[in-house]
Amino acid sequence: MSDIAVKRPDPGSAELPEGAAVEDEVPTLVYRAITLIGAAGVFWAVFQIFPFQSSAPYTGIYVALGCIAALGVAITAMAAKDVRTLNRANHVLVATAALGIICYAVGVILSGISYGTDEEIFVQHSAHLLGQGVNPYGADLTPAFHRYAMSSQFYTKLLDGTYTHGLDYPAVPVLLTWAANGIFHDYHTVAFVCSGALVVSLLVAYKLLPRDYRAVATIICVGYPILMDHARGGVVGIIMLPFLMIAVAGWERIGRGGRLDRRAVIAAVSFGVALSVQQLSWMMAPFFVTAIFLTRWPEVGAKVALRVTALWAVIAAGTMLVINSPFIIWNPASWISGVTEPLRQKAIAEGEGMVDIPISLHFGTGNLSLYSEGGAAVFAGLFVLFVLYFDRIRPAWIVVPALALVFQARPLIEYFAIPALAWAVMLLTADRGQEPSPRPWPLLAARRRIGIGVVAMLPAVGLWTLGLATSQPLDMKITGVVTDGALNQIDQMTVHVTNKTGSAMAPHFMMTNGYSTSFWNVVSGAAKVPGHQSVDYVISTPGSASSPGISSDFTLAAVSDVPASVSYAPKMVAAQYTTGFLDDLGRQYAAGDTAEVDVQLRDRHGRVAKAAHVQVVLNQVVFTDSGIRGSNLSVNGGTVGQPAVALTDSLGIAHFTVKKGNSDPTGLVHLQAWIKQSGSIPTYGYSPFLTQQWP
């Protein structure tokens with residue numbers, strides 16, 4: 001690490017008494033403040049680790065000591081008289097943060113969390129296949145869904161109604177997982193590897209950052225929950241982070257004097273490793289290489305700058321090829337097909353970016369390809385702007401590709417959140433002595449630069465405008481729903497679908513609320529909707545995780561690969577009210593007691609609903625180790641063991657009187673209320689159970 005560490009400034013040294021040590025100087029306010037914020041960030045880790053003390057008892061030690069350490073660092077940040085003391089507090093802080101990442105991953109995994117992404121299980125199954133001598137590139141990874149028992153709602157869905165099923169990452173995640181399987185025995189190995197990579201990222205950033213800003217590493221790695229959560233979820237982009245930081249730290253020095261020193265070579269090799277982890281680094285590569293060339297051009301001339309930049313790029317690309325060489329030699333076609341699959345697959349559009357506008361407003365599109373092509377055009381246009389305005393954009397070149405990704409059809413949050421620590425490292429290790437960048441094209445007048453920039457962005461604007469303006473090809477209307485009763489979910493629905501185009505279309509249905517559920521099963525209905533005709537479909541849920549709640553908003557979507565499109569039905573809420581007990585504390589009663597049970601109507605937001613004359617049912621049931629049986633209570637003077645119906649009053653409350661109906665033993669009785677009505681949903685709004693103890 002000493003080869004790539006950045007020379008740190010010596011703030012305030014000019015004001016020190018002659019002969020005084022740097023460590024004896026008074027800490028700057030910035031140093032104190034950032035350390036204090038880093039200490040506060042540790043409390044998030046402590047809070048998240050707290051629930052795991054049963055499944056992973058040793059994490060309780062961290063909860064106690066982590067709080068003490070964070071508070072101690074906070075006190076030191078505010079009260080330290082010299083830099084030496086605050087430096088030691090920061091060492092404690094980074095150690096506490098590293099242990100927090102480890103404890104969080106261990107606690108989550110040992111508590112029995114299921115696999116959360118197909119990214120994780122595909123890499124893990126690929127490592128399993130590699131251990132058996134099978135090339136994971138080109139292999140069908142569908143068995144991973146069963147082997148690792150991941151919920152189908154997290155599958156990556158394609159427009160043709162299928163799911164992705166192949167390895168589409170470069171080799172590093174698979175190789176690391178294969179090596180680590182000997183320790184973790186093929187159990188959440190990817191999550192452990194990614195959590196370890198986050199610890200390494202924390203330590204690397206701590207080493208690279210200037211003294212006053214070291215706590216930024218803790219703030220981003222631990223104070224923000226997203227990186228720890230992504231790491232324990234096996235998001236392999238985390239593995240890329242430490243190598244990316246090493247590559248971009250002090251990057252302006254690369255090629256200085258027309259040659260590559262040892263630090264520049266280390267940066268090139270590190271970036272080559274990053275290229276071997278995830279394709280996100282591929283998006284950065286054109287900007288990185290161009291930034292090196294344009295920085296060196298004014299200093300050493302175009303020819304020398306081109307030579308040194310090309311040499312750096314060759315080292316980075318060569319590193320990537322060496323790492324992936326076993327799989328390239330094994331089957332080059334399968335490897336190329338695998339690592340380029342994300343660029344070719346017709347996945348459904350979703351994520352955190354511009355695509356959320358049509359998704360959230362539910363106006364659909366008849367040509368999703370325009371969004372993908374528009375995203376590529378934005379990337380190209382931003383690259384042109386980057387070159388034209390390099391004199392202004394140079395310090396922020398690493399963020400520009402992220403801006404382009406916002407306009408892609410699948411702008412997942414990990415693409416922006418994971419590199420954020422590298423952004424901080426690049427900013428805080430920048431060469432302050434570097435001369436300002438001149439215009440790359442000094443003879444190009446400002447007006448012409450603007451004109452070229454506008455022309456470069458026109459294709460992106462045009463494609464996105466066309467994508468937004470192209471109407472959805474299917475009109476859909478939900479005409480009926482079937483619920484599953486006490487689970488308060490919708491299990492089946494009838495949909496009237498009209499094809500507005502002249503060509504037959506095969507719709508694939510799912511629920512969407514930002515992210516989409518698994519595809520619903522078609523119980524009845526034609527395989528395709530003929531052009532300018534209508535078909536009624538009955539569709540059913542593939543599982544409870546894909547079923548919308550009966551009292552919540554939900555939107556039905558239908559995708560198709562020919563044409564690549566998405567259509568939406570109007571937003572719907574199936575039920576207006578739900579039920580809950582005014583007193584939800586279970587109580588113990590004697591044989592002659594009478595229990596007054598009041599059920600309150602609430603709207604779908606949980607607020608009291610003052611609706612009168614609504615029929616509410618109160619039922620009773622006893623759960624035993626041999627099954628479910630009726631109870632012997634009488635509700636509102638009715639038949640023993642039977643439910644009773646009451647109407648709500650003006651406050652939306654239904655009143656019930658409960659007492660023992662005979663002398664037989666009763667035990668624990670579970671009461672549950674629901675709403676009864678006529679129509680397609682005869683019962684809904686089921687309450688939680690209320691437990692009562694009767695003799």
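Because only heavy atoms are used, hydrogens play no part in the values below, and waters and symmetry mates are left out as well, while side chains stay in.
The shortest side-chain heavy-atom distance between Leu198 and Leu202 does not fall under the 4.5 Å cut-off. Counting only heavy atoms from C-beta outward, the side chains of Gln408 and Met354 never approach each other to under 4.5 Å. Residues Leu405 and Met283 form a side-chain contact, since some pair of their non-hydrogen atoms from C-beta on lies under 4.5 Å apart. A 4.5 Å side-chain heavy-atom check between Val355 and Phe407 finds every atom pair outside the cut-off.
The nearest pair of heavy atoms linking Ala404 to Val378 is CA-CG1, 4.0 Å. What you find for Ser518 and Tyr163 is that their closest heavy atoms are CB-OH, 3.7 Å. What you find for Leu141 and Gly166 is that their closest heavy atoms are CD1-C, 3.7 Å. Across all non-hydrogen atoms, the minimal contact from Gln278 to Ser281 is O-OG, 2.8 Å. A pairwise comparison of heavy atoms in Pro170 and Tyr137 identifies C-OH, 3.1 Å as the closest pair. Between Gly107 and Ala56, the shortest heavy-atom distance links the atoms CA-CB, 4.2 Å.
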Show me the donor-acceptor pairs within less than 3.5 Å that the side chains of residues 225-249 make with the rest of the protein, sequence neighbours left out.
residue: Asp229; atom: OD1; partner: Tyr104; partner atom: OH; Å: 3.3
residue: Asp229; atom: OD1; partner: Arg232; partner atom: NE; Å: 2.9
residue: Asp229; atom: OD1; partner: Arg232; partner atom: NH2; Å: 2.7
residue: His230; atom: ND1; partner: Ile226; partner atom: O; Å: 3.0

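In this structure, the side chain of Asn90 does not engage the main chain of Leu93 through any donor-acceptor pair within 3.5 Å. Judged by distance alone, with hydrogens and angles left aside, the side-chain atoms of Ser111 form no donor-acceptor pair with the main-chain N or O of Ser55 at under 3.5 Å. Not one N or O on the side chain of Arg410 forms a donor-acceptor pair closer than 3.5 Å with the backbone of Ala349. A donor-acceptor contact shorter than 3.5 Å links the side chain of Asp356 to the backbone of Gly353. Checking side-chain atoms of Gln279 against main-chain N and O of Thr340 turns up no donor-acceptor pair under 3.5 Å. Remark: the backbone N or O of Ala264 is paired with a side-chain donor or acceptor of Trp312 at under 3.5 angstrom. The backbone N or O of Leu275 lies less than 3.5 Å from a partner atom in the side chain of Trp282, making a donor-acceptor pair. A distance-only check finds no donor-acceptor pair linking the side chain of Gln53 to the backbone of Gly60 [under 3.5 Å].
In Tyr187, the OH atom is crowded: over 12 heavy atoms of neighbouring residues, nucleotides or ligands sit closer than 6.0 Å. Surrounding CZ of Phe50 are at most 12 heavy atoms belonging to other residues, nucleotides or ligands under 6.0 Å away. Within a 6.0 Å sphere centred on CH2 of Trp178, other residues, nucleotides and ligands contribute 12 heavy atoms or fewer.
Note that the OH atom of Tyr155 and the CG atom of Asp118 stand 9.0 Å from one another [nearest 0.5 Å]. Between atom SG of residue Cys103 and atom CD1 of residue Ile61 there is a gap of 9.0 Å, rounded to the nearest 0.5 Å. Interatomic distance, Tyr224 OH to Leu421 CG, rounded to the nearest 0.5 Å: 10.5 Å. With values rounded to the nearest 0.5 angstrom, Leu158 atom CG is found 6.0 Å from Gln345 atom CD. With rounding to the nearest 0.5 angstrom, the CG atom of Leu86 is 12.5 Å from the CE atom of Met78. The distance from the CG atom of Leu260 to the CD1 atom of Ile266 is 12.0 Å, given to the nearest 0.5 Å.
Ring planes of Phe386 and Phe383: tilted class, angle from 30 to 60°. Relative orientation of the Phe184 and Phe192 rings is parallel, given thresholds of 30° and 60° on the angle between their planes. Note on ring orientation: taking the six-membered ring where Trp is involved, the planes of Phe288 and Trp251 are perpendicular (angle over 60°, cut-offs 30° and 60°).
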Would Phe287 and Phe390 count as a ring pair (Phe, Tyr, Trp, His ring centres under 6.0 Å) if you check the C-alpha gap in whole Å, the side-chain angles of each, and the deciding distance to 0.1 Å?
-> CA-CA 10 Å; Phe287 291 86; Phe390 183 70; over 10 Å; no

Take Ile348 and Ser516 through the test side-chain contact (heavy atoms from CB on, under 4.5 Å) and record every step on the way to the result.
-> CA-CA 9 Å; Ile348 65 170; Ser516 302; 3.8 Å; yes

Val222 vs Thr96, side-chain contact (heavy atoms from CB on, under 4.5 Å): CA-CA, chis, key distance, verdict | CA-CA 10 Å; Val222 176; Thr96 303; over 6 Å; no

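For the residue pair Tyr206 / His91, a side-chain donor-acceptor distance below 3.5 Å is found, with atom types taken as modelled. For the residue pair Tyr148/Asp186, the side-chain donor-acceptor check at 3.5 Å is satisfied. Tyr31 and Asn87 form a side-chain donor-acceptor contact under 3.5 Å, judged by distance and modelled atom types alone. For the 3.5 Å distance criterion, the side chains of Tyr169 and Glu119 qualify, holding a donor opposite an acceptor. Under 3.5 Å, the side chains of Glu120 and His188 contain a donor-acceptor pair of N or O atoms.
Comment: Glu25 engages Arg211 in a salt bridge, judged by a side-chain N to carboxylate O separation of less than 4.0 angstrom. A salt bridge links Arg256 to Asp431: one of the charged nitrogens lies within less than 4.0 Å of a carboxylate oxygen. Ion pair Asp261/Arg253 not flagged as a salt bridge, since none of the NZ, NE, NH1 or NH2 atoms sits closer than 4.0 Å to an Asp/Glu carboxylate oxygen.
With sequence neighbours excluded, the residues that form a side-chain hydrogen bond (donor to acceptor under 3.5 Å, both in side chains) with Thr189 are Asn181.
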